[in-house]
Amino acid sequence: MAHWLFKTEPTECSIDDFAKAPNSAIVWEGVRNYQARNMLRDEVKKDDLVLIYHSSCKLIGVAGIARVVRESYPDPSQFDPLSAYYDEKSSVQKPRWVAVDLIFTRKLPAIISLDKMKSSAKLRSLPVVQKGSRLSVMPVNDTQWQDILHLG
DNA sequence: GCCAACGTTGGC
DNA sequence: GCCAACGTTGGC
């Protein structure tokens, strides 16, 4: 079982949105970067655990944990002209983007801040703390997973 | 709101 | 297939 970190702007989808619907799958849609898509499509598997990371907000960092309940399938938002994620170059016959479904696991008692992760020597190789890393889907290895949660 | 660091696009 | 111009991301 692998571990991941998914970025989200809490104004779009926050850990509280997960917590409010603990029994319903959340469609993780809108990934529009090829490198992130490839991981989502090829490597993110059912039962993998995901750190939900809040970005572009006041309290930047890991807010909670979710679990993959459905592996990649065509992202419905790419076909929806009314969606902000609509892609006119994509088609149902040849979809370009994928989504996965997640379910709430738990909210952390406190956000594990980006600052805190950056100041941990153990986490220097973690993609999210590296300069210029903008991927919205990033791998987290087992050791890093433990180290991150121990910061909390 | 700024801007560095990436990613994408399109002319050649 | 190169690369300049442009667009986006996201921390600050």
Side-chain angles (χ1 to χ4, degrees), chain A residues 2-20 26-45 48-68 71-102 104-141 143-152:
Chain A
H3 298 112
W4 304 95
L5 181 148
F6 287 7
K7 279 187 194 168
T8 177
E9 299 189 12
T11 51
E12 294 294 315
C13 176
S14 77
I15 194 68
D16 289 323
D17 296 323
F18 278 90
K20 265 182 253 167
I26 303 258
V27 180
W28 201 262
E29 62 183 12
V31 171
R32 293 293 179 271
N33 168 286
Y34 288 104
Q35 211 181 327
R37 179 209 60 185
N38 292 347
M39 281 190 278
L40 207 57
R41 186 189 58 196
D42 305 330
E43 297 177 46
V44 175
K45 299 296 179 192
D48 282 359
L49 292 176
V50 177
L51 297 172
I52 302 298
Y53 173 93
H54 288 174
S55 71
S56 296
C57 59
K58 200 157 186 183
L59 249 172
I60 298 163
V62 174
I65 299 171
R67 182 168 47 87
V68 178
E71 290 177 15
S72 70
Y73 60 98
D75 178 345
S77 68
Q78 69 194 310
F79 310 126
D80 176 6
L82 299 178
S83 167
Y85 302 123
Y86 178 61
D87 184 349
E88 59 173 15
K89 290 176 185 164
S90 188
S91 67
V92 179
Q93 291 73 29
K94 250 194 151 183
R96 183 180 284 196
W97 307 110
V98 300
V100 298
D101 286 357
L102 300 180
F104 179 69
T105 298
R106 67 188 173 99
K107 182 179 173 173
L108 297 178
I111 299 238
I112 298 170
S113 71
L114 176 61
D115 258 4
K116 209 164 186 179
M117 291 192 284
K118 275 186 172 167
S119 52
S120 163
K122 286 177 173 180
L123 293 175
R124 266 182 305 199
S125 62
L126 186 72
V128 77
V129 305
Q130 283 162 13
K131 198 175 172 184
S133 86
R134 301 190 312 177
L135 285 182
S136 58
V137 173
M138 301 191 213
V140 175
N141 71 33
T143 313
Q144 291 165 339
W145 176 272
Q146 292 299 331
D147 290 340
I148 292 167
L149 292 176
H150 282 149
L151 291 177

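Order of the sequence lines fixes the chain letters, A, B, ..., with proteins taken first and strands second; residue numbering starts at 1 for each chain. Source: prediction; values computed, not measured.
- Among the protein residues, Gln35(A) comes within range of the sugar-phosphate backbone only, with heavy atoms under 4.0 Å from sugar or phosphate atoms but none that close to a base.
- What separates CG of Asp87(A) from P of dT9(B) is a distance of 9 Å, to the nearest Å.
- What separates CZ of Arg96(A) from P of dT8(B) is a distance of 10 Å, to the nearest Å.
- Atoms CG and CZ, on Asp48(A) and Arg67(A) in that order, are 11.0 Å from each other to the nearest 0.5 Å.
- With rounding to whole Å, Arg32(A) atom CZ is found 14 Å from dG10(C) atom P.
- With a 4.5 Å cut-off on side-chain heavy atoms, Met138(A) and Met39(A) do not count as touching.
- For the residue pair Arg32(A)/Ser77(A), the side-chain donor-acceptor check at 3.5 Å is satisfied.
- For Arg134(A) and dG7(C), the CZ to P distance is 14 Å, given to the nearest whole Å.
- Lys131(A) places its NZ atom 11 Å from the P atom of dC12(C), with the value rounded to the nearest Å.
- For an aromatic pair to be called close, the ring centres must be under 6.0 Å apart, and Trp97(A) with Tyr34(A) satisfies this.
- The side chain of Lys118(A) sits closest to dC12(C) out of dC12(C), dA5(B), dT8(B).
- Here dT8(C) presents its P atom at 15 Å from CD of Glu12(A), a figure rounded to the nearest Å.
- In the set dA5(B), dG11(C), dG7(B), dG11(C) carries the atom at the smallest distance from any side-chain atom of Ile60(A).
- Counting heavy atoms from C-beta on, the side chains of Val62(A) and Ile52(A) never come closer than 4.5 Å.
- Of the side-chain N and O atoms in Tyr53(A), none sit less than 4.0 angstrom from OP1 or OP2 of dT9(C).
- In the set dG10(C), dT8(B), dC12(C), dT8(B) carries the atom at the smallest distance from any side-chain atom of Tyr34(A).
- Considering only the side chain of Ser56(A), dG10(C) comes nearest among dG7(B), dG10(C), dA4(B).
- Taking atom CG of residue Asn33(A) and atom P of nucleotide dG7(C), one finds them 18 Å apart after rounding to whole Å.
- Put simply, NZ on Lys58(A) is 17 Å from C1' on dG10(C), counting in whole angstrom units.
- Nearest to the side-chain atoms of Lys89(A) among the listed nucleotides dT9(B), dG10(C), dA5(B) stands dT9(B).
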